[in-house]
K.L.:
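Below you will find the structure I want to go over with you.
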Amino acid sequence: MRRKLVAGNWKMNGVTDSLGEVAKIAKAAAANPGIDVALCPPATLIAPAVAVAGGMPIGGQDCHENDSGAHTGCISAPMLKDAGATLTIVGHSERRADQNETSHDAWAKAAAAHRHGLNVILCVGETEAERNAGRAERVVQAQIEKSVPEDAEGSWFTLAYEPRWAIGTGRTPTLEDIASIHAIARAKLGTMIGDDRAQGIRILYGGSVTGANAASILAVDNVDGALVGGASLTAEKFVPIIEAAAKL
């Protein structure tokens, strides 16, 4: 039985004054022990967020494949751990699009994070043009094949399906489309690492998840939680998603 995971990604949002929201979200997480909740604030807030999170996992939004070196503006897995992070996102669609990151980059980052004991949320998903061309399934399968480490297992690895065209737009795929891609993702994992290990890996949905649509999305087969962007910035919007997951 895979526990639901609701993870918040604050992206390039949040300053010290935002720590009150972290504390409120952590309180809601503690009140719903039947699911897992995590929060990934900007790197500047990881350490102070850990201090107010009361044990709720705090993560990074990216992780360089190297442990150190001449990589201006980047953050490594040892740095994330030193700040108190226990997980990191890699391969997010915004980094694939804006920083031209490849699936191989995501694979290397996931491997680096795992090497240093961090849990990983690895993102895959198609663009609107790829979906309109009928290529969504093939794109997601190819990204999984090239991004997922060979030793991935549910104890440290989570996959997140996030259709790029749904992120921050208020648009979401149909429940049938979500179910289809998640089933395809599960099957692809099975061919790569074996069905037993694949069944233990959580697959999250990400893309305009809100308190209003969370219950229906999270009830879809093979949807094991949500990767939430804008709605995770405040407890007012994020807690209803946590509570919807806890009720399932």
Side-chain angles (χ1 to χ4, degrees), residues 1-9 11 35-38 89 91-98 103 106 121-148 154 157-192 195 198-233 236-248:
M1 188 71 178
R2 298 181 297 268
R3 283 170 59 92
K4 297 288 189 186
L5 167 62
V6 178
N9 175 17
K11 307 185 182 183
I35 66 165
D36 295 327
V37 180
I89 299 168
H92 192 280
S93 64
E94 289 160 358
R95 294 200 62 86
R96 290 179 187 254
D98 299 342
S103 289
I121 299 175
L122 188 148
C123 304
V124 298
E126 81 283 0
T127 65
E128 185 172 24
E130 289 165 340
R131 172 162 284 277
N132 290 342
R135 299 180 57 234
E137 296 179 1
R138 282 176 288 169
V139 167
V140 169
Q141 288 174 320
Q143 289 177 347
I144 291 172
E145 182 174 350
K146 296 175 182 178
S147 298
V148 175
F157 182 84
T158 296
L159 189 69
Y161 167 59
E162 42 163 26
R164 299 191 196 184
W165 50 272
I167 297 172
T169 64
R171 300 170 57 198
T172 58
T174 66
L175 298 180
E176 291 76 14
D177 287 338
I178 294 173
S180 175
I181 293 292
H182 277 243
I184 288 166
R186 180 85 59 202
K188 183 63 177 178
L189 287 172
T191 64
M192 292 177 61
D195 288 336
Q199 287 298 321
I201 289 177
R202 292 185 285 202
I203 304 177
L204 312 183
Y205 171 77
S208 296
V209 178
T210 67
N213 63 23
S216 58
I217 291 173
L218 293 171
V220 172
D221 194 31
N222 281 309
V223 174
D224 302 309
L227 180 59
V228 184
S232 70
L233 294 175
E236 180 182 8
K237 292 184 177 180
F238 197 37
V239 171
I241 300 172
I242 295 171
E243 292 175 342
K247 291 177 182 177
L248 293 172

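Given the structure is predicted, the values throughout are model-derived calculations rather than measurements.
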K.L.:
Glu130: which residues meet the side chain to side chain donor-acceptor pair (under 3.5 Å) condition with it, sequence neighbours left out?
P.N.:
Thr127
K.L.:
For Ser208 versus Ala166, what's the shortest heavy-atom pair and its separation?
P.N.:
OG-O, 2.5 Å
K.L.:
Is the side chain of Lys4 donor-acceptor paired with the backbone N or O of Val223 at a distance under 3.5 Å, no angle test?
P.N.:
yes
K.L.:
Could you tell me which non-hydrogen atom of Arg164 sits nearest to which non-hydrogen atom of Ala97, and how far apart they are?
P.N.:
NH1-CB, 4.1 Å
K.L.:
At their closest point, which heavy atom of Cys123 faces which heavy atom of Leu227, and how far apart are they?
P.N.:
SG-CD2, 3.7 Å
K.L.:
Please round to the nearest 0.5 Å and tell me the distance separating atom CG of Leu159 and atom CD1 of Ile144.
P.N.:
5.0 Å
K.L.:
Quick one: does Val220's side chain get under 4.5 Å of Tyr205's, heavy atoms only?
P.N.:
no
K.L.:
Nearest 0.5 Å please: distance from the CD atom of Glu145 over to the NZ atom of Lys188.
P.N.:
4.0 Å
K.L.:
Mind checking the CZ-CD spacing from Arg138 to Glu126? Nearest 0.5 Å is all I need.
P.N.:
12.0 Å
K.L.:
When you look at CD of Glu236, are more than 12 heavy atoms from neighbouring residues, nucleotides or ligands closer to it than 6.0 Å?
P.N.:
no
K.L.:
I need the Ile121 CD1 to Asn9 CG distance, nearest 0.5 Å.
P.N.:
8.5 Å
K.L.:
For Ile181 and Arg131, which heavy atoms make the closest approach, and how far apart are they?
P.N.:
CG1-NH2, 3.9 Å
K.L.:
Which residue is it: Asp195, Asp221, Asp224? I am looking for the one with a side-chain hydrogen bond (donor to acceptor under 3.5 Å, both in side chains) to Arg186.
P.N.:
Asp224
K.L.:
Using side-chain heavy atoms (C-beta onward) and a distance below 4.5 Å, is Ile217 in contact with Leu175?
P.N.:
yes
K.L.:
Out of curiosity, Asp36 CG to Arg2 CZ, how far, rounded to the nearest 0.5 Å?
P.N.:
13.5 Å
K.L.:
Could I get the full list of ring pair (Phe, Tyr, Trp, His ring centres under 6.0 Å) partners for Tyr161, not counting sequence neighbours?
P.N.:
His182
K.L.:
Minimum heavy-atom separation for Pro240 and Gly211, please, with both atom names.
P.N.:
CB-CA, 4.0 Å
K.L.:
In Å, rounded to the nearest 0.5 Å, how long is the span from CD of Glu162 to CD of Glu94?
P.N.:
7.5 Å
K.L.:
I want to check something: taking the side chain as every heavy atom from C-beta on, are Val140 and Ile184 in contact at a cut-off of under 4.5 Å?
P.N.:
no
K.L.:
Given side-chain contact (heavy atoms from CB on, under 4.5 Å), test Ile167 with Lys11 step by step and report yes or no.
P.N.:
CA-CA 12 Å; Ile167 297 172; Lys11 307 185 182 183; 3.3 Å; yes
K.L.:
Which pair of heavy atoms, one from Arg96 and one from Leu122, lies closest together, and at what distance?
P.N.:
NH2-CD2, 4.4 Å
K.L.:
Going through the distances and angles, do Val209 and Ile241 end up as a side-chain contact (heavy atoms from CB on, under 4.5 Å)?
P.N.:
CA-CA 8 Å; Val209 178; Ile241 300 172; 4.1 Å; yes
K.L.:
List for me each residue that meets side chain to side chain donor-acceptor pair (under 3.5 Å) alongside Arg135, sequence neighbours excluded, and say none if there are none.
P.N.:
none
K.L.:
Run Gln141 and Thr191 through side-chain contact (heavy atoms from CB on, under 4.5 Å) and show every step you take.
P.N.:
CA-CA 11 Å; Gln141 288 174 320; Thr191 64; over 6 Å; no
